Amino acid sequence: MSVELKVPAVGESITTVEIGEWLVAEGAHVEKNESLVSIETDKITVELPAPAAGTVTQVLKRKGESAEVGEVIGYMEEGAAGVAAAPAEAAAPAAEAKQPEAAGQAPAHVMPAAARLLAEHGLSAEQVPASGPGGRLLKEDVQAHVGSGARPPAATPAAQPTAPAAPSRSLPAAPLSQDGDRQEEAVSMTPMRRRIAERLVEAQQTAALLTTFNEVDMTAVMALRKEYQDAFTKKHGVRLGFMSFFVKASVEALKAIPQVNAEIRGDQILYKNYYDIGVAVSGEKGLAVPVIRNAERMSFAEIEKAIEDFGKRAKESKLKLEELQGGTFTISNGGIFGSLLSTPIVNPPQSGILGMHSIQERPVARDGQVVIRPMMYLALTYDHRIVDGREAVTFLKRIKDVLESPARILLDV
C-alpha cells in the first residue's frame, strides 16, 4: 500500500519549510518511526519519521527546496512487499549517481580548482582525502596527495592505454592558472540563519540600543565551585558551572530593576512577574536561544541540567519550537569562545541581554594593594526606550555584587 509522506505541522506561525537532508535513499527499507528527512524552519529543525515499515519509493522534494505544511514530499510502499523491491529500486539511483563521474564531471563536493588538478594527474575524487568544510575536496588536498607520492592503483593490462602517458601527468601542481587560486562558492542561507539575520536587523532598527559595562571579580564563585564541585556532581549528576550563578544573579537583578524584565507593546509597557531566562547556545546551524522557564523557582542543579540538555540537543538540531519561544531576558556567554569584550544585541521584544566574557587574571587594587584576581567583563545591552541609564548601571552593579558575594542569593540581600 502506498503511503504519502507529508510535511508535518511544526508551529502555529510556520506555513513554509525548507527540505533538509534526506536520511534515506529511494528504494531503501525503513522501520516504523525511523527518521526519513530533516525539515528546516526559521526556528528549529525537525525530522519526519516513517509512518510505517516499508520502502521509500519516490522523493518529490529535494534538499534546499521549499514546501508547504501538509504538502506531499515523497511516497513509500508499506509492508513486506517494499522490502523485496528495495534492492532493485535502489540499483537505479545508484547507477544514476555514477553517471556524472563516468561522463567526466566532478562530484558536487569537489571544488573547481581541485577538479582541474584531479584531471591533470589522472586521479578520481575518491582517491584523495578531503579536508574542506562539509567534506569538500580542495585544491590543497590534491596538491598534498600528489606531493606525498601517492598514486592510483595500477590498471589491469586490458585497461592500460597503448599510447604513451600524457605529458601533463608528469607536471607539478604549480603551473595552475592564477584564477584557480581565487575561488568563490555560493551557498544558500538556511531558514534559521535568515531568521537570525532578520531579527538582528530588526533589533537595530526598532530599538534604541545602548550598552553599559562593568567587571566582576570571580574569586568567590570559583572558590565555591572548587569546594563543592565533587559533592555537587556526585549528588546531582551534573557539573556545577558558571551559568547557574549568572542565571541566579540575573533573576535577583531583574527583581530589583523590573524595567529590564519588561517589554514595550504598542504604547504600553508590559511588566512581568516571572523570569524566563533565554540562554544562548551554539547549534549545528547557528545560535539558538532556548528558554529556562520560571528560573526563579529552580535550584542550581535544575538550571545546570536544563542548560546541559539544551546544549546537547542544540548540536543535534533537536530543540523543540516551544523551547525557543518567549523569554523575558537573555544571557549570552561569548567567553567560551575566548571573547574578552563585546556588545550583544537584544533579542526583541525583550529589553535587555547580558554578555559574559572570558575570565582573565588581571592586577586589581584591593585595600591599597595590587593583587591578581580572576576578572570578567560584563556587558548589558538594553532598550533605552524603556530602561534608563541609571537603571541599567544599577542592574549590572547588582549582578556584580551578587557574584562577588554569592551568599546574597541565599540570604536575599
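If you're wondering where the values come from, they're calculated on a predicted model, not measured in any experiment. These numbers come from the heavy atoms of this one structure, side chains and all, not from hydrogens, waters or symmetry mates.
Residues Ile19 and Glu40 fail the side-chain proximity criterion, which asks for heavy atoms closer than 4.5 Å. Using a 4.5 Å heavy-atom threshold, the side chains of Glu26 and Thr57 count as separate. In this structure, Tyr382 and Ser351 have side chains that are not in contact, with every pair of non-hydrogen atoms separated by 4.5 Å or more. At a threshold of 4.5 Å between non-hydrogen side-chain atoms, the residues Arg239 and Gln229 count as touching. Here the side chains of Ile331 and Met243 are in contact, with some heavy-atom distance below 4.5 Å. Put simply, the side chain of Asp217 reaches to within 4.5 Å of the side chain of Arg366, judged on heavy atoms. By the 4.5 Å heavy-atom criterion applied to side chains, Val30 and Met76 are counted as neighbours.
In this structure a side-chain-to-backbone donor-acceptor pair under 3.5 Å is present from Arg225 to Leu240. With hydrogens and angles ignored, the 3.5 Å screen pairs no side-chain donor or acceptor of Glu47 with any backbone N or O of Ile39. In this structure a side-chain-to-backbone donor-acceptor pair under 3.5 Å is missing from Ser405 to Arg408. Side-chain atoms of Ser2 do not come within 3.5 Å of backbone N or O of Glu77 as any donor-acceptor pair.
Leu319 and Ala314 get closest at one heavy-atom pair: CD1-CB, 3.8 Å. A pairwise comparison of heavy atoms in Val281 and Pro290 identifies CG2-CD, 3.6 Å as the closest pair. Closest non-hydrogen pair, Glu304 versus Gly241, comes out as OE2-N, 2.9 Å. In plain terms, the two heavy atoms of Met375 and Arg362 that are nearest each other are CB-NH2, 3.1 Å. Scanning both residues, Asp141 and Pro129, for their nearest heavy atoms gives CB-O, 3.5 Å. Of all non-hydrogen atoms in Ala67 and Val7, the two that sit nearest each other are CB-CG2, 3.9 Å.
A distance of 7.0 Å separates CG of Leu354 from CZ of Phe246, quoted to the nearest 0.5 Å. Here CZ of Phe245 is found 8.0 Å from CE of Met218. Values are rounded to the nearest 0.5 Å. Atom NZ of Lys6 and atom CG of Leu48 lie 12.0 Å apart (nearest 0.5 Å). With values rounded to the nearest 0.5 angstrom, Leu210 atom CG is found 7.5 Å from Thr212 atom OG1. Between the CG atom of Asn261 and the CD atom of Gln259 there is a distance of 10.0 Å, given to the nearest 0.5 Å. Atom NZ in Lys248 sits 8.5 Å away from atom CG in Leu410 (nearest 0.5 Å).
Scanning for side-chain hydrogen bond (donor to acceptor under 3.5 Å, both in side chains) contacts around Glu198 gives Arg195, with sequence neighbours left out. Partners of Glu68 according to the side-chain hydrogen bond (donor to acceptor under 3.5 Å, both in side chains) rule, which considers only residues two or more places apart in sequence or in another chain, are Thr16. Glu263 pairs by the side-chain hydrogen bond (donor to acceptor under 3.5 Å, both in side chains) definition with Arg265, Lys272, not counting sequence neighbours.
Legend: ring-ring contact (aromatic ring centres under 6.0 Å, His included) pairs involving residues 211-244, not counting sequence neighbours, sorted by first then second residue: Phe232-His236.
Atom NZ of Lys255 has more than 12 neighbouring heavy atoms from other residues, nucleotides or ligands inside a 6.0 Å radius.
Under a 4.0 Å N-O distance rule, the pair Glu71/Lys61 qualifies as a salt bridge.
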**Q.** CA sep, side-chain torsions, deciding dist, call: Arg313, Glu323, salt bridge (Lys or Arg N to Asp or Glu O under 4.0 Å)
**A.** CA-CA 11 Å; Arg313 289 193 288 120; Glu323 293 172 328; 2.8 Å; yes
Q: Output, in order, the C-alpha distance, side-chain angles, deciding distance and verdict of salt bridge (Lys or Arg N to Asp or Glu O under 4.0 Å) for Arg62 and Glu18.
A: CA-CA 9 Å; Arg62 302 289 177 176; Glu18 184 174 297; over 6 Å; no
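Between the side chains of Thr330 and Gln350, at least one donor-acceptor pair of N or O atoms lies under 3.5 Å. Judged by distance alone, the side chains of Asp276 and Thr328 never bring a donor and an acceptor atom under 3.5 Å apart.
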Identify every side-chain donor-acceptor pair in residues 333-348 under 3.5 Å, counting partners at least two apart or on other chains, and give the distances.
unit_1, atom_1, unit_2, atom_2, d
Asn333, OD1, Gly335, N, 3.1
Ser342, OG, His357, NE2, 2.7
Asn347, OD1, Arg199, NH2, 3.3

Could you go through residues 387-401 and list every donor-acceptor pair under 3.5 Å that involves a side-chain atom there, pairing it with any protein atom two or more places apart or in another chain?
unit_1, atom_1, unit_2, atom_2, d
Thr394, OG1, Arg390, O, 2.7
Lys397, NZ, Asp401, OD1, 3.0
Lys397, NZ, Asp401, OD2, 3.2
Arg398, NH1, Val413, O, 3.1
Arg398, NH2, Val413, O, 3.0
Lys400, NZ, Glu215, O, 2.8
Lys400, NZ, Glu404, OE2, 2.9

